[in-house]
Structures are given as C-alpha cells and as structure tokens.
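Following: one structure in structure tokens, then a few remarks.
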There are 2 protein chains.
Amino acid sequence: MESAAARVTGSLRQRVLTGELKPGEPLSQSRVAAEYGVSRIPARDALQTLAAEGLVDLGAFTAVVRGTSIAELQELYELREAIEPLVTRIAVPNVGRAEVAMMTALLDEMVSHPSAIDWLGANARFHALIYTRADRTRMIELTTQLRRLTDRYLYLHVDIFGETGRLNLEHRRILEAVETGDPAEVAELTRLHIAASHDFLLRHLLREPAPRR
Amino acid sequence: MESAAARVTGSLRQRVLTGELKPGEPLSQSRVAAEYGVSRIPARDALQTLAAEGLVDLGAFTAVVRGTSIAELQELYELREAIEPLVTRIAVPNVGRAEVAMMTALLDEMVSHPSAIDWLGANARFHALIYTRADRTRMIELTTQLRRLTDRYLYLHVDIFGETGRLNLEHRRILEAVETGDPAEVAELTRLHIAASHDFLLRHLLREPAPRR
DNA sequence: ATATGGTAACCTGTATACAGATAGAGCCAT
DNA sequence: ATGGCTCTATCTGTATACAGGTTACCATAT
C-alpha cells in the first residue's frame with residue numbers, strides 16, 4: 001500500500017518537474033492538503049521530502065517551488081560530470097547481456113519519438129541500467145536526484161526534440177562501448193554526453209529573457 | 001528561536017555520530033518524543049531529517065540507527081575523492097588572506113591536541129574555509145554531509161590520535177599550496193589527503209572482528 | 001502623496017487522539 | 001520438542017485542534 005504522503009510527494013514532484021507548478025509558486029501545507037483531500041501532516045511530509053530533493057525551498061513562512069538559475073545549472077552539471085563517469089567505470093565490467101538487451105529496447109523506444117516525458121523516462125532508465133550494476137546505493141541515489149533536477153531545466157526551458165537525433169547517436173555509441181566492455185571508454189563517452197547536454201541547455205538559457213522566479 | 005524539531009535533530013545527530021547511539025539501535029518516534037519531552041511530530045521530523053542525511057534507516061516498522069560497512073565506506077570515499085578536489089579547484093582562486101589567517105589558526109588548534117570531537121570540528125572548518133569560496137551551495141552541502149558520514153566511522157572504529165601527526169602535516173602542505181595559489185596542486189593534495197584517510201580507516205576496519213550491526 | 005499603525009487572513013509548529021499495521025510472546029496441536 | 005497460530009504490546013500514519021508568528025492591506029495621520 002502507498003501512504004498518502006508518498007502519493008502527494010509523487011504527484012507534486014511530477015507537477016514541479018513538468019512546470020505545471022511554476023518557480024516561485026507558493027505551496028502552503030494547508031492548500032496542498034486541501035487539494036489532495038488529506039490532512040496537513042502528509043502534505044507537510046511531502047513538502048519536506050521535496051525540499052530535501054531540492055525541488056522546493058522551505059522558507060520560514062511558506063514553501064515555494066524552487067527557482068532555476070544558470071549558476072545552479074552549472075553546479076548540477078559539474079556534479080554529474082564528476083559522478084556519473086565514476087559510477088560508469090565501476091559498473092561496466094558487471095553489465096551483462098540482459099542489460100544490453102534492455103538498453104537496445106530502450107534505444108528503439110527513444111528513437112520512435114515519444115512524448116517529452118516518456119523520452120526523458122526512457123533516457124533515465126537507459127543510463128540507470130548501467131549504473132545499477134555498480135552496486136553503489138548512495139551514488140545511484142545521488143545520480144537519480146541530480147538527473148531529476150537537470151531534467152527539470154529541460155522541461156522548463158527547452159524543447160528537446162531538436163536534439164534527440166544527436167542524443168540517440170550518443171546513446172548508440174555508449175551502448176557499443178558497453179558491448180565492447182571498455183569501462184574507461186564508456187565513462188568518457190558518458191562525460192561527453194553530459195557535457196553536451198549542459199552546453200545545449202546553456203545556449204538556450206542565455207537566449208531567454210530573464211531567469212524566472 | 002530554534003524549533004523543537006531542530007533541537008532534537010541536532011542532539012540525535014551528535015549522539016549517532018559519536019556512537020552513543022549504536023548501529024542497529026531502534027529509535028521509535030514515541031520514545032524519542034518522550035525522552036526529549038516533545039510530541040511525536042517533531043520527533044518524527046527529526047528522524048526524517050536524519051534519514052535524509054543517511055544516519056538512520058527508516059524501516060517500515062521503526063527507525064534504526066544505520067549500520068556501517070566497508071562497502072559503504074568505500075562508496076563514501078569514492079564520492080569525496082571525486083567531489084572535494086573539484087570544489088577545491090573552483091574555490092582556490094577566490095581564497096584570500098582572511099581565510100588563510102583563519103586556516104592557520106585552526107591548524108594551531110588541531111596541533112594543540114584537543115579532544116577527538118574538537119579535532120574533527122576544527123578539521124571540518126579548515127577545509128570548509130576553502131570550499132565556501134567556491135560559491136557552490138549544493139556541492140558544499142553534499143560535501144558536508146559526506147564528511148559527516150565518514151567522520152562517523154572515525155568515531156566508531158578508530159582512535160584518531162595515532163594519525164594526527166600525519167594529518168597536521170598534510171594540512172600544512174595544503175595551506176602552503178593555497179598561499180601559492182595553485183588550484184590544481186591544492187586539489188591534488190586534497191585528493192591524496194582524503195585517500196590517505198580512506199586507507200587508514202580501511203586498515204583498522206579490516207582488523208576488527210565483524211561489522212557491527 | 002507618503003508614512004504609520006492596527007487588524008484580519010493566513011501559515012506554521014506542535015500537541016493530542018484514533019485507527020490500522022507489525023513483531024514477538026505464549027499457547028496449541030502434532 | 002517443534003512448528004504454526006493467535007493475541008497483545010507497540011508502533012506508525014493520519015486527522016484534528018490550538019497557539020503563536022508573518023504578511024498584507026487598509027485606514028488614518030502628516
């Protein structure tokens with residue numbers, strides 16, 4: 001069974017990620033509680049969880065949907081570029097046929113032009129299939145969290161579909177290197193893959209009017 | 001003013017870190033609440049916070065003080081070795097005389113043989129003085145958290161004082177490189193500093209009977 | 001027009017109360 | 001004696017209630 005708090009957390013997370021709840025929007029415990037038909041306690045739990053994930057700010061007065069900034073984006077990508085290649089290097093020797101098969105399927109799924117949310121989901125699962133085999137619980141948790149936060153920038157500021165071609169190609173290269181079984185090569189491709197997304201986002205953000213609040 | 005939840009969180013954190021609360025010890029909301037003379041809600045908040053920090057496990061039935069393992073230690077140090085040199089490289093160009101002066105004072109403090117808890121505190125502040133100047137909120141937060149978790153292993157399993165000589169020397173080298181203003185050099189010295197602590201802990205842990213639960 | 005003070009609406013932190021879930025002790029059958 | 005079952009202690013999740021604190025607005029004074 002799923003607790004009310006978990007349900008609210010999951011729903012709010014989606015709504016913040018997709019931009020339905022906009023940066024700066026206040027999320028009071030009472031209103032969240034009323035909206036989901038629960039009491040304030042699970043609403044409060046959900047907001048605390050999301051705050052720990054970095055999706056909302058827990059101000060003194062009321063919680064607000066966290067804003068975005070180029071400085072934060074920079075920081076998030078610096079972390080991803082440091083950690084994901086590390087996990088990759090550790091994981092690749094343990095990646096077997098089962099994972100390769102599933103990654104191939106996910107690659108097809110991404111090529112078949114799904115919605116943005118589905119594409120990003122498949123993308124996350126693609127990389128997760130490698131990372132899981134590193135057997136590093138905390139690293140994987142951290143990676144998931146960082147990826148969620150950067151994906152938010154994609155949702156909010158960018159139309160992905162100009163780039164899926166390049167991204168699909170990079171994924172194919174990564175998959176090939178996985179099959180070859182060269183950890184350092186996969187790690188380096190992963191780093192480049194992340195750096196490319198960073199550049200891509202940066203180009204779009206610098207073109208936008210002003211960082212939304 | 002400090003909320004009841006914050007007070008409980010801080011106190012429990014100390015008690016878990018120093019080993020007064022041992023790995024595996026159950027922490028029920030009710031007992032924590034009773035012990036601190038508060039209601040269950042702030043106790044619950046405190047346990048959630050500590051769970052997010054990785055100091056307790058939030059099982060289905062009751063929260064328990066998180067255990068230690070060589071695998072987790074490995075993972076924590078891998079992360080620290082990846083992130084702290086990165087923050088260092090970014091921060092060093094912004095470190096000024098004020099920081100160097102304070103770091104010198106902290107170094108003296110550490111040389112003067114304080115208690116383990118004070119030594120570790122000064123040590124944390126020493127490195128934090130560099131990191132702060134990187135202006136990377138999330139990285140610093142993450143670094144703080146990782147350091148706390150590894151410090152716990154020092155408290156639980158090791159008597160530091162065999163090693164303070166080496167550690168003080170490494171700190172002095174780091175400080176010198178900071179004064180010279182060579183980011184790459186400070187970053188590398190930091191990485192080695194962390195790796196040395198990892199090795200040190202590992203040697204002691206492998207000598208112990210069994211990983212405590 | 002601008003500054004000031006008071007008030008109402010809203011929000012959080014915390015306490016208390018209740019229902020459902022879980023673990024462990026003891027009992028029963030084999 | 002042992003395996004399984006039931007019962008009770010305890011625990012968590014959630015609802016509701018209350019006591020401050022904060023914000024914003026409006027009326028009033030300058």
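Residue numbers begin at 1 in each chain, while the letters A, B, ... track the order of the sequences.
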Review point. Are H204(A) and D159(A) close enough, and set up right, to give a side chain to side chain donor-acceptor pair (under 3.5 Å), and what steps lead you there?
Key: CA-CA 10 Å; H204(A) 281 260; D159(A) 179 14; over 6 Å; no
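- In this structure, H198(A) and Y77(A) have parallel ring planes: the angle between them is below the 30° cut-off, well short of the 60° mark.
- With distances taken from any side-chain atom of S30(A) to the nucleotides dT16(C), dT22(C), dT12(C), the minimum falls on dT12(C).
- Nucleotide dG13(D) holds its C1' atom 9 Å from the CG atom of D45(A), rounded to whole Å.
- Base pairing of dT16(D): its partner is dA15(C), meeting the Watson-Crick or G-U wobble criterion (both donor-acceptor distances under 3.5 Å).
- Rounded to an integer number of Å, the gap from I41(B) CD1 to dC18(D) C1' is 14 Å.
- Glycosidic conformation at dA9(D) (O4'-C1'-N9-C4 for purines, O4'-C1'-N1-C2 for pyrimidines): syn, within 90° of 0.
- Distances shown here put a side-chain N or O of S28(B) below 4.0 Å from the OP1 or OP2 atom of dC11(D).
- The nearest whole Å value for the distance from the CG atom in L47(A) to the C1' atom in dG13(C) is 14 Å.
- Comparing atom distances between the F61(A) side chain and each of dT22(C), dG21(D), dT12(C) picks out dG21(D) as nearest.
- Residue R40(B) places its side chain closer to dA17(C) than to any other of dG13(C), dC11(C), dA17(C).
- When distances run from any side-chain atom of S39(A) to the nucleotides dG13(D), dT16(D), dT12(D), the shortest one goes to dT16(D).
- Spacing between atom CD of E2(A) and atom P of dG13(D) amounts to 13 Å, rounded to whole angstrom units.
- Taking only side-chain nitrogens and oxygens, Q29(B) comes nearer than 4.0 Å to OP1 or OP2 of dG13(D).
- E84(B) pairs with exactly one of R136(B), R89(B), R147(B) by the salt bridge (charged side-chain N to carboxylate O under 4.0 Å, His left out) rule, that one being R147(B).
- Counting to the nearest Å, the C1' atom of dG13(C) and the CD atom of Q48(B) are 14 Å from each other.
- Atom CG of D135(A) has 12 or fewer neighbouring heavy atoms from other residues, nucleotides or ligands inside a 6.0 Å radius.
- Environment of CG in D108(B): crowded, with over 12 heavy atoms of neighbouring residues, nucleotides or ligands closer than 6.0 Å.
- Contact annotation: T62(A) side-chain N/O to dT12(C) OP1/OP2 distance is under 4.0 Å.
- For the pair S3(B) and dT12(C), the criterion of a side-chain N or O lying under 4.0 Å from OP1 or OP2 is not met.
- In this structure, dT22(C) makes no Watson-Crick or G-U wobble pair, since no nucleotide meets both defining distances under 3.5 angstrom.
- Per the geometry, CZ belonging to R44(B) stands 14 Å off P belonging to dA15(C), to the nearest Å.
- In the set dT14(C), dT14(D), dT12(D), dT14(C) carries the atom at the smallest distance from any side-chain atom of A5(B).
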